[in-house]
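In what follows, a structure is listed as structure tokens, so that the remarks can point back to it.
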Amino acid sequence: MQTLAQTLATQAIPASLAQLLQTLASTSVAISNAVRRGALAGVLGSTDHENVQGETQKKLDVITNEMLKDALRADGTVRALASEEEDFPVVLGDHGDYLVCFDPLDGSSNIDINSLVGTIFSVLPAPQGEVNEQSFLQSGRHQVAAGYVLYGPATMLALTTGHGVQLFTLDPQSGEYRLTNPAVSIPKDTAEFAINMSNQQFWEAPMQTYIGDLLLGKIGPREKSFNMRWIAAMVGDVHRVLSRGGIFTYPTDNKNPQKPYKLRLMYEANPMSLLVEQAGGKSSTGYQDILDIQPQAIHQRVAVILGSANEVATCLEYHSLDYSEEPEL
């Protein structure tokens, strides 16, 4: 099996990008070791601090964030980084071709129950001149690479540089990622959906109706039985979509009118959307392709619907209907 380095050498990407991706991969191996040791290393539990989104930080959130910052600072190809755990972008130097956005430990609420977590990253071109928050506000179409690392029974890396999606598995003996799926392809149709049903009462009418029809199964308008899955970590749910298809959604809701969206555009929605599209799937907010959104802030949140192309298209048909009038009885 090819190593990550050998695979990158076959792709038409700059040497600096290949170096950066190798740095991210190497750091993820160290993160994988920290996650695996868990309580033995004293890294479980929460800190006394909140991140910029007002969420209590887990110890491993902070640890993995620092690991990635240190690695990217030493790499030399990165001008600045933006992290879910940082209030503002962190400028690393005057040189470098890239900006990196990342969620150091997606699904960190799963840490203390030994469930799936992962690292998500997005690589953008660095502009000329001074780098600031505005420099990061590029649509997802500008990403030159994106991926995630899933820390599960095996540690796996999903990666795209715009040449399809490749899946790598960490060889624990050599410490190298080896190519285990050279061309990920998401089936266009599916019978699986992933959504947080506890928020059902707060969804918009289109999503209420769509999920209601899925739950009706064969006796409903879809005339088909669906299974529901929910891992409570986007990285795990998207990995399932890449592996066998499905639709994943975290839709708009009014549970907290000040925060109608859950997932972060720069750290989660954009990189996952690029992976899904490169594997033949589709992603949307319900009303706009995620990769076409012009970001307004580095910590911006959006609604997310992504996965098997035909099922996402069906979900979007529900969002195109007019729910402003009650149906006649």
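All residue numbers refer to positions in the sequence shown, counting from 1.
For CE of M1, the number of neighbouring non-hydrogen atoms (other residues, nucleotides, ligands) closer than 6.0 Å is 12 at most. In N114, the CG atom is not crowded: 12 or fewer heavy atoms of neighbouring residues, nucleotides or ligands sit closer than 6.0 Å. Within a 6.0 Å sphere centred on CD of Q294, other residues, nucleotides and ligands contribute more than 12 heavy atoms. Applying the 6.0 Å contact sphere to CZ of F202 captures more than 12 heavy atoms from other residues, nucleotides or ligands.
Using a 3.5 Å distance cut-off with no hydrogens or angles, the side chains of T7 and Y177 do not pair a donor with an acceptor. S284 and D289 form no side-chain donor-acceptor contact under 3.5 Å, judged by distance and modelled atom types alone. For the 3.5 Å distance criterion, the side chains of S16 and Y98 qualify, holding a donor opposite an acceptor.
Side-chain contact check for M156 versus V149: every heavy-atom pair is 4.5 Å or farther apart. Counting heavy atoms from C-beta on, the side chains of P251 and I195 come closer than 4.5 Å. Here the side chains of E311 and C315 are not in contact, with every heavy-atom distance at 4.5 Å or above. Annotation: side chain of L263 is in contact with side chain of M234 (closest heavy-atom distance under 4.5 Å). In this structure, the side chains of L137 and Q296 stay at 4.5 Å or more apart for every pair of heavy atoms. Using a 4.5 Å cut-off on side-chain heavy atoms (C-beta onward), L159 and V165 make no contact.
Remark: side-chain polar atoms of T160 are not paired, donor with acceptor, to backbone N or O of A145 under 3.5 angstrom. Judged by distance alone, the side chain of K224 and the main-chain N or O of T190 form a donor-acceptor pair under 3.5 Å. T209 contributes a side-chain N or O that, together with a main-chain N or O of A205, makes up a donor-acceptor pair within less than 3.5 Å. In terms of modelled atom types and a separation under 3.5 Å, the side chain of Q143 and the main chain of N270 share a donor-acceptor contact. Between the side chain of E133 and the main chain of I298, a donor-acceptor pair closer than 3.5 Å is present.
Two rings, from H299 and Y267, have their centers less than 6.0 Å apart. Two rings, from Y318 and Y210, have their centers less than 6.0 Å apart. Taking the ring centroids of Y250 and W230, they lie under the 6.0 Å cut-off.
In terms of heavy-atom proximity, A12 sits nearest to H163 at O-NE2, 3.8 Å. The two residues V184 and L167 have their closest heavy-atom pair at CG2-CG, 3.8 Å. Between T64 and P104, the closest heavy-atom pair is OG1-CB, 3.4 Å. Minimum interatomic distance between R36 and N33 (heavy atoms only, all atoms of both residues): NH2-OD1, 2.7 Å. Scanning both residues, L99 and P127, for their nearest heavy atoms gives CD1-CD, 4.1 Å.
The side chain to side chain contact (heavy atoms under 4.5 Å, CB included) test with F121 singles out one residue from L72, L24, L81, and that residue is L24.
To the nearest 0.5 Å, atoms CE (M67) and OG (S28) are separated by 9.0 Å.
Under the side chain to side chain donor-acceptor pair (under 3.5 Å) criterion, S174 pairs with D171, sequence neighbours left out. Partners of N256 under the side-chain contact (heavy atoms from CB on, under 4.5 Å) rule, at least two apart in sequence or in another chain, are Q258, K259. Every residue two or more places apart in sequence or in another chain that forms a salt bridge (Lys or Arg N to Asp or Glu O under 4.0 Å) with D237 is listed here: R240.
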Going through the checks in order, is the side chain to side chain donor-acceptor pair (under 3.5 Å) test met by T169 and T180? CA-CA 6 Å; T169 301; T180 46; 3.0 Å; yes
Between N65 and E86, does the side chain to side chain donor-acceptor pair (under 3.5 Å) criterion hold? Intermediate values first, please. CA-CA 9 Å; N65 187 63; E86 299 284 342; 2.8 Å; yes
Between L17 and V144, is a side-chain contact (heavy atoms from CB on, under 4.5 Å) present by the stated rule, with each step listed? CA-CA 8 Å; L17 179 57; V144 296; 4.2 Å; yes
Apply side chain to side chain donor-acceptor pair (under 3.5 Å) to T161 and Q11, showing your working. CA-CA 8 Å; T161 59; Q11 299 182 355; 2.5 Å; yes
Going through the checks in order, is the side-chain contact (heavy atoms from CB on, under 4.5 Å) test met by V78 and L20? CA-CA 8 Å; V78 182; L20 169 56; 3.5 Å; yes
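A salt bridge is absent between E66 and R73: the closest approach of a Lys/Arg side-chain nitrogen to an acidic carboxylate oxygen does not fall below 4.0 angstrom. Between R264 and D103 there is no salt bridge, since no side-chain nitrogen of the basic residue lies less than 4.0 Å from a carboxylate oxygen of the acidic one. Between E268 and R301 there is no salt bridge, since no side-chain nitrogen of the basic residue lies less than 4.0 Å from a carboxylate oxygen of the acidic one. Using a 4.0 Å cut-off between charged side-chain N and carboxylate O, R229 and E192 make a salt bridge.
Follow the hydrophobic side-chain contacts under 4.5 Å out from L306 and you never reach Y287; the two are in separate clusters.
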